[in-house]
Trainee: 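Got a structure for you, written out below as structure tokens; questions coming shortly.
We use all heavy atoms of the structure for the numbers below, so side chains are in, but hydrogens, waters and symmetry mates are not. To find a chain, count down the sequence lines: A is the first, B the second, and so on, and within it residues start at 1.
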Amino acid sequence: MPLVSEQTMEEMFENMVTARHYEERLQEEYLEGKQPAFDISAGPIPGELHLAAGHEAAAAGVVQHLRDDDVVTATHRPHHVAIAKGVDLERMTAEIFGRETGLGKGKGGHMHLFDPDVNFACSGIIAEGCPPAVGAGLAAKKRNTDSVAVSFLGEGAIDQGAFLESLNFAAVFDLPVVFVIEDNDWAISMPKERVTDVENGSKRADGFEMPGVRVDCDDAIEIAEVAGEAIGRARDRNGPTLMEVQVHRRMGHFMGDPETYRPEADQEAAADRDSIERLEADLRDAGVTDDRIEEIRTAAHDRVEEAIEWAKEQPQPEADAAHEDVFVNPMNGVTDSEPDFEAIGGDD
Amino acid sequence: MPLVSEQTMEEMFENMVTARHYEERLQEEYLEGKQPAFDISAGPIPGELHLAAGHEAAAAGVVQHLRDDDVVTATHRPHHVAIAKGVDLERMTAEIFGRETGLGKGKGGHMHLFDPDVNFACSGIIAEGCPPAVGAGLAAKKRNTDSVAVSFLGEGAIDQGAFLESLNFAAVFDLPVVFVIEDNDWAISMPKERVTDVENGSKRADGFEMPGVRVDCDDAIEIAEVAGEAIGRARDRNGPTLMEVQVHRRMGHFMGDPETYRPEADQEAAADRDSIERLEADLRDAGVTDDRIEEIRTAAHDRVEEAIEWAKEQPQPEADAAHEDVFVNPMNGVTDSEPDFEAIGGDD
Amino acid sequence: MAESKSTRELTMSRAMVSAIAHEMREDSEVFYMGEDVADYGGIFDSTQGLREEFGYDRVMDVPISETAYLGAAVGAAQVGMRPIAELMFVDFFGVAMDQIYNQMAKNTYMSGGNVSVPMVLTAAVGGTYNDAAQHSQTLYGTFAHVPGLKVVVPSTAYDAKGLMHNAIRDDDPVLYMFHKRLMGIGWMPAPEGPKTPVPETEYTIPFGSADVKRAGDDVTIVTLGLHVHRALEAAETLADEGMSAEVIDLRSLVPLDTDTIVESVEKTGSLVVVDEDYRSFGVTGEIVATVADESLGALESVERVAVPDVPIPYSRPLEDEVIPSTKDIVSAVQRTQ
Amino acid sequence: MAESKSTRELTMSRAMVSAIAHEMREDSEVFYMGEDVADYGGIFDSTQGLREEFGYDRVMDVPISETAYLGAAVGAAQVGMRPIAELMFVDFFGVAMDQIYNQMAKNTYMSGGNVSVPMVLTAAVGGTYNDAAQHSQTLYGTFAHVPGLKVVVPSTAYDAKGLMHNAIRDDDPVLYMFHKRLMGIGWMPAPEGPKTPVPETEYTIPFGSADVKRAGDDVTIVTLGLHVHRALEAAETLADEGMSAEVIDLRSLVPLDTDTIVESVEKTGSLVVVDEDYRSFGVTGEIVATVADESLGALESVERVAVPDVPIPYSRPLEDEVIPSTKDIVSAVQRTQ
Ligand SMILES: Cc1ncc(C[n+]2csc(CCOP(=O)(O)OP(=O)(O)O)c2C)c(N)n1
Ligand SMILES: Cc1ncc(C[n+]2csc(CCOP(=O)(O)OP(=O)(O)O)c2C)c(N)n1
Ligand SMILES: [Mg+2]
Ligand SMILES: [Mg+2]
């Protein structure tokens with residue numbers, strides 16, 4: 001029996017085509033609003049937008065092993081991971097469009113998506129999600145559950161203290177955490193060879209007594225196999241793993257990135273290696289019919305279109321809402337149970 | 001020819017007995033002021049005091065390879081390193097006694113000793129000295145000199161981001177930096193096995209493509225040999241090294257530490273293994289006479305006594321001086337060369 | 001006497017610990033993390049006896065990785081645990097500030113209130129014992145400036161316990177800053193005031209409720225932490241001179257009890273703000289501006305007493321010069337009259 | 001015309017770069033470090049063309065290790081080089097704050113002036129383009145509160161150049177905060193004001209010299225950065241209503257030019273402080289308190305206009321609500337009259 005079942009392959013494929021189409025549509029909406037001249041604050045999706053086209057296999061392959069109670073922290077490039085984790089697509093889209101019914105009521109935006117129902121979060125600072133993922137693993141251990149936590153990061157994040165400290169913390173307490181490096185070769189304009197001497201990110205594990213593994217291509221099936229082992233080990237309380245996956249950045253770092261620093265050959269190579277096409281071929285090899293593949297694609301497209309349509313119909317937040325939600329309990333709200341008692345200046 | 005000459009052995013011995021006696025005297029002065037009840041802010045030396053008895057070999061063995069233009073950053077436990085580096089002993093002592101003629105005019109205290117003449121600095125935050133040492137190495141490279149930088153840290157610091165990021169930075173730019181971990185088994189009350197899984201601190205190097213070496217005992221000669229290689233490599237522009245030395249904490253973490261957390265056997269073992277006695281034996285084996293050893297000891301004692309005596313005669317700083325030295329150039333002082341020119345609201 | 005059965009005099013550290021222990025007994029989701037908090041019992045006695053009662057699992061020593069363990073507390077809190085994480089000295093915040101202010105403080109807002117971070121960050125603050133520039137700060141202003149953290153500063157054992165109960169039960173992130181000099185540590189003698197009778201029962205002191213520690217008519221002294229005691233001492237001296245000073249202990253900076261301050265200044269006309277933090281862009285400026293905002297007409301005179309924008313120097317005469325003394329407070333009050 | 005030969009209109013980013021390039025030509029010890037500063041030329045055009053002229057060695061891309069590279073700048077500065085290190089967004093300070101405030105800012109004082117740290121830390125600040133809570137802050141107050149850093153905030157190309165020359169030549173550590181919206185980046189349209197004529201020659205603008213960007217009699221508006229331009233726009237509107245507003249651009253927060261502010265308020269009687277940072281415990285409080293300290297009697301009315309103690313929200317109507325607009329300034333001024 002193959003490690004990755006046909007059903008899993010289909011699910012991964014569905015996640016990946018959903019993510020790809022989703023981001024193509026976001027890109028359209030984003031850029032449409034930036035006409036005639038690119039103005040980052042214009043249009044229906046303002047601000048920065050980091051798309052993950054070329055990373056989908058990493059998300060699909062890893063996350064399909066997770067349950068809703070497992071925690072995932074993703075990066076500034078979060079959509080593919082969110083989709084694989086089952087984040088509410090409509091509310092996520094509404095958030096990206098800055099609407100009132102978005103996951104964060106329009107306060108977070110695309111780098112700050114929180115869906116507590118499926119324990120998903122992401123953030124905009126490099127390696128910032130590593131410590132909270134470790135904390136989720138710590139909570140699982142303390143509560144004696146078999147939940148696990150997965151922290152995604154880019155290959156550019158392997159030089160950041162938050163990641164490195166987290167490796168040690170997870171290792172020494174044997175926490176159920178898997179770190180997944182999405183290696184797309186670039187950190188904005190900086191190629192990985194220029195910022196570290198290690199052959200690849202999984203080597204960082206060597207300095208922390210942690211297993212480190214790397215998947216050298218964005219083959220969803222291989223990723224799923226390797227991730228299955230790592231996550232299984234975490235679930236069985238055998239400690240953390242550092243895992244790296246080679247992915248590809250098919251676009252600029254963010255929308256609007258001129259990529260003048262990037263050799264054309266590299267851009268072309270990234271375009272050529274498409275993990276979705278590869279998985280589609282694998283599906284066919286496994287006997288999945290054209291019709292079934294088309295059915296998955298169509299369903300994914302429809303789902304994306306519906307989410308975007310729904311989101312665009314949602315109301316903008318009221319300006320006054322900006323003042324809410326700093327605290328869940330602004331004036332503290334805990335009933336004052338202070339006894340009638342004067343410790344200083346009293347007469348007792 | 002042995003790698004470490006008799007003269008070097010004598011110099012190391014001198015540094016080590018100076019440091020040991022110096023700290024014994026500081027301890028006396030410190031504790032005397034804390035009578036009858038220990039009050040941290042009382043006496044001629046107030047505040048925290050971290051003594052390095054048992055660490056001397058690490059400083060002597062490493063630093064004897066350095067020149068004045070080489071930069072050293074030490075930790076909260078800095079005296080032995082400062083002495084080996086040739087920091088002005090009188091002004092350092094005056095600083096520890098908080099006097100006006102101290103290295104920092106009484107502003108820094110024992111954790112913040114700066115002697116730019118010999119390029120020595122230390123600081124009170126874990127691993128904080130690593131990045132500046134890396135910066136000194138970077139400066140040497142940019143200026144095309146053969147200076148090197150050495151950053152000392154405790155074994156408890158190997159989990160701190162500042163250290164870990166510095167390893168990568170030094171490695172990727174091939175900087176002339178040597179990191180020296182003084183492994184005394186303890187970080188205050190935390191034994192090293194409880195805070196990391198690696199067998200020893202030099203293993204951290206494995207995750208950064210850097211050579212990592214460890215000296216398993218505080219044998220000054222062996223330390224000198226290993227450090228000589230590392231520093232030589234740095235000077236020859238062959239890149240950084242991570243080096244760990246096993247030392248022993250003969251006292252509490254700071255003066256006043258009850259050490260109730262520490263097994264007696266461990267305390268005794270630290271007391272038993274004295275690197276100074278060991279080096280003294282080595283000196284004798286090498287044919288150095290009792291008289292010569294006594295002479296070195298006496299000279300060291302005299303130097304320490306003189307420095308302490310001098311320091312205690314120095315004036316306390318004037319209160320007003322507290323307001324000075326935030327900037328070397330408080331009101332900026334750069335001559336205002338602004339042309340007569342109105343960019344906004346002007347009529348040109 | 002029923003009274004004596006239900007209260008006893010405690011040091012501030014014992015009062016804090018008693019609240020923590022109570023909450024740990026009641027709620028298995030509460031745990032404590034920090035450096036030297038288990039066997040050592042906290043460098044400033046903040047966890048004395050807790051490891052003995054609750055074991056290493058709930059009173060956890062951690063590696064010297066503040067980013068990792070403070071961020072881990074955020075992660076554990078977000079899945080519903082109630083961690084208390086200790087930063088041994090607040091001065092170390094710089095190695096972990098991103099987790100504190102970009103996650104602990106902001107995740108609630110960024111999630112539109114869908115996520116809460118019910119954790120307490122405890123940190124020792126303050127000088128007066130010659131520990132120099134990297135171990136003596138209060139940094140009250142730095143943290144109160146960051147939206148999303150509740151910032152609490154007890155000055156007595158009684159307040160410390162009630163505020164700690166409240167902090168642990170609060171669903172929002174709380175920064176609980178305890179002044180070393182007030183803790184009653186054997187090797188750092190505390191002044192008279194912080195050791196107070198403390199009820200054995202649990203009780204909460206709500207945040208945003210400043211406490212009038214001494215009532216007066218001529219001048220309002222607003223302060224917090226250690227300086228509550230210096231202000232009370234100054235008020236004694238001033239009383240001898242016939243001046244009646246009201247001393248307000250803020251107890252929390254966020255939320256800030258503006259009403260109590262403004263009411264007092266409307267009564268006295270004079271405002272003296274006393275702070276152990278750096279003078280500029282901090283607590284003293286905020287309190288003065290708040291009163292100016294709310295009741296400019298009432299403000300007849302103003303004085304700010306704080307550290308004069310220098311790092312904390314080591315040597316005794318220098319540190320004494322920059323940390324506001326009782327005498328400095330007396331002089332400032334005199335200047336207002 | 002001699003004039004037209006020696007000046008030309010520049011965007012703020014070009015003006016900054018021209019000062020940096022000049023200093024790099026003059027002094028081989030000056031170098032620039034940061035993320036994406038070499039081939040990219042700086043995400044906000046802060047280093048456009050520098051790598052082409054000076055090569056990778058002097059315009060260095062570094063790993064995403066802010067603690068390591070900002071600390072390395074401190075170390076290089078202490079041995080006499082003059083590094084300029086860029087923090088891409090000031091919001092990232094939390095990962096490296098220890099090196100910034102415990103070393104860069106304090107080493108001079110702790111060494112009794114025996115060590116100097118002649119480095120410049122540049123950082124992009126500000127919102128208005130929906131980049132949300134982790135990429136939109138100014139944090140002026142956070143940094144001005146820390147003793148030991150000079151804190152500079154240009155609002156025009158002309159000022160940006162003179163302040164940058166000064167920053168690089170200063171023997172003390174300088175934090176140079178440039179507002180993204182003012183830079184004149186192709187993808188983020190700047191308002192009218194920041195692009196100004198700039199002399200080709202070098203010149204320095206000393207720190208602590210606030211600039212009266214518009215003279216007026218009825219009200220003093222004190223501000224900095226982007227909000228200088230919003231205040232000038234507000235002043236135009238107010239002029240139509242017959243109100244004459246003086247607009248003071250602080251240009252540096254440390255040192256702070258108290259005299260210029262106080263003189264102006266003594267003339268106008270009304271103070272409106274406008275700030276893009278969080279309201280509490282920050283710039284607005286400090287300016288109000290400074291005037292209250294120096295000249296309480298002159299102060300007839302006060303208004304603070306700042307971000308209302310919430311993280312910066314993403315969505316356009318929400319961000320617009322919290323970042324002070326020209327209209328907010330106009331209203332605040334009207335309330336003072
Ligand atoms: C601490 C910090 N430094 C810098 C940045 C700016 N930044 C955002 S994304 C990025 C590159 C990240 O590269 P990588 O981790 O490889 O992820 P990728 O964008 O390639 O997916 C940088 C430098 C940041 N967000 N946080
Ligand atoms: C960032 C930071 N965290 C915590 C501390 C408090 N602290 C001072 S020394 C110390 C233990 C250090 O242990 P180690 O590095 O092994 O050095 P040793 O004291 O054993 O020489 C700790 C935790 C600090 N100074 N800085
Ligand atoms: Mg990348
Ligand atoms: Mg140690």
Side-chain angles (χ1 to χ4, degrees), chain B residues 71 73 95 102-109 112-116 119 121 123-125 128 130-140 142-143 147 149 161-162 165-166 168-170 172-173 321 324-339 341-346 348, chain D residues 3 7 31 57-58 62-63 65 67-81 83 95 98-99 102-103 107-116 147-148 150 156-159 162 166 169-172 193 196-199 201-209 213-214 232 255:
Chain B
V71 167
T73 60
E95 186 60 31
L103 286 172
K105 304 184 188 164
K107 285 170 183 161
H112 310 293
L113 302 166
F114 294 83
D115 190 342
N119 286 294
S123 57
I125 307 289
E128 198 182 55
C130 298
V134 164
L138 183 67
K142 287 193 185 299
R143 287 164 159 181
S147 302
E165 290 189 1
S166 294
N168 183 63
F169 199 99
V172 69
F173 296 118
E324 293 159 11
D325 297 323
V326 178
F327 297 114
V328 293
N329 195 348
M331 283 310 288
N332 178 246
V334 179
T335 316
D336 177 12
S337 68
E338 193 176 355
F341 184 87
E342 277 285 328
I344 280 196
D348 45 271
Chain D
E3 261 280 276
T7 74
F31 67 98
D57 228 41
R58 296 187 66 198
V62 292
S65 308
T67 291
Y69 80 78
L70 296 184
V74 172
Q78 283 179 187
V79 296
M81 295 196 79
V95 303
D98 186 63
Q99 293 293 326
N102 260 335
Q103 301 234 15
N107 281 358
T108 300
Y109 189 79
M110 295 192 301
S111 70
N114 283 322
V115 161
S116 71
K150 295 179 179 173
T156 68
Y158 176 77
D159 289 352
N166 212 44
R169 294 178 194 181
D170 198 323
D171 288 333
D172 290 312
T196 65
V198 176
T201 54
E202 55 183 307
Y203 58 95
T204 57
I205 297 177
F207 303 155
S209 62
K213 285 274 188 305
R214 178 188 175 115
L232 288 169

Trainee: With chain D, which of B:Val172, B:Val134, B:Ile125 has the greatest number of heavy-atom pairs at distances under 4.5 Å?
Mentor: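 Between B:Val172, B:Val134, B:Ile125, the count favours B:Ile125.
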Trainee: Among D:Val95, D:Asn107, D:Leu70, who wins on heavy-atom pairs under 4.5 Å with chain B?
Mentor: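 Option with the top pair count is D:Asn107.
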Trainee: Which residue out of B:Leu113, B:Asp325, B:Val326 racks up the most heavy-atom pairs below 4.5 Å with chain D?
Mentor: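 Looking at each option in turn, the highest pair count goes to B:Asp325.
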Trainee: Can you tell which of D:Asn102, D:Asp98, D:Val74 has the highest number of heavy-atom pairs within less than 4.5 Å of chain B?
Mentor: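 Sorted descending by pairs with chain B, the first entry is D:Asp98.
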Trainee: Quick check for you: among B:His112, B:Lys107, B:Glu324, which has the greatest number of heavy-atom pairs under 4.5 Å with chain D?
Mentor: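 Among the listed options, the one with the most contacts to chain D is B:Lys107.
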Trainee: Would you mind reporting whether D:Asp159 and D:Lys213 have side-chain heavy atoms less than 4.5 Å apart?
Mentor: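 Yes; the side chains approach each other to less than 4.5 Å.
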Trainee: Does any backbone or side-chain atom of B:Ala162 lie under 4.5 Å from a heavy atom of chain D? Answer side chain, backbone, both or neither.
Mentor: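 Both parts, backbone and side chain.
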Trainee: Rounded to the nearest 0.5 Å, what separation is found between the CD atom of D:Gln99 and the CD atom of B:Glu165?
Mentor: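 Between atom CD of D:Gln99 and atom CD of B:Glu165 there are 9.5 Å.
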Trainee: Considering non-hydrogen atoms only, spot the tightest contact between D:Val62 and B:Phe173 and give its length.
Mentor: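 Looking at all heavy atoms of both residues, the shortest contact is CA-CZ, 4.4 Å.
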Trainee: Using a cut-off of under 4.5 Å for heavy-atom pairs, which of D:Ala76, D:Gly113, D:Ser65 has the most such pairs with chain B?
Mentor: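 Of D:Ala76, D:Gly113, D:Ser65, D:Ser65 has the most heavy-atom pairs under 4.5 Å with chain B.
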Trainee: Between B:Ala136, B:Gly104, B:Ala139, which residue shows the highest count of heavy-atom pairs closer than 4.5 Å to chain D?
Mentor: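 The option with the most such pairs is B:Gly104.
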Trainee: Among B:Glu128, B:Lys105, B:Glu95, who wins on heavy-atom pairs under 4.5 Å with chain D?
Mentor: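 Highest number of heavy-atom pairs under 4.5 Å: B:Glu128.
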Trainee: Atom CZ in D:Phe207, atom CG in B:Asn329: separation rounded to 0.5 Å?
Mentor: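 Between D:Phe207 CZ and B:Asn329 CG, I get 10.0 Å after rounding to 0.5 Å.
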Trainee: Is any side-chain heavy atom of B:Phe327 closer than 4.5 Å to one of D:Ser116?
Mentor: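 Sidechains of B:Phe327 and D:Ser116: no contact.
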Trainee: If we only count heavy atoms from C-beta on, is the D:Tyr203 to D:Val198 side-chain gap below 4.5 Å?
Mentor: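 D:Tyr203 reaches D:Val198 side chain to side chain.
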Trainee: Could you look at D:Tyr69 and say if it's the side chain, the backbone, both or neither that has a heavy atom under 4.5 Å from chain B?
Mentor: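 Both backbone and side chain.
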Trainee: Let me confirm one number: the CD-CG distance from D:Gln78 to B:Asn119, rounded to the nearest 0.5 Å.
Mentor: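 It comes to 9.5 Å.
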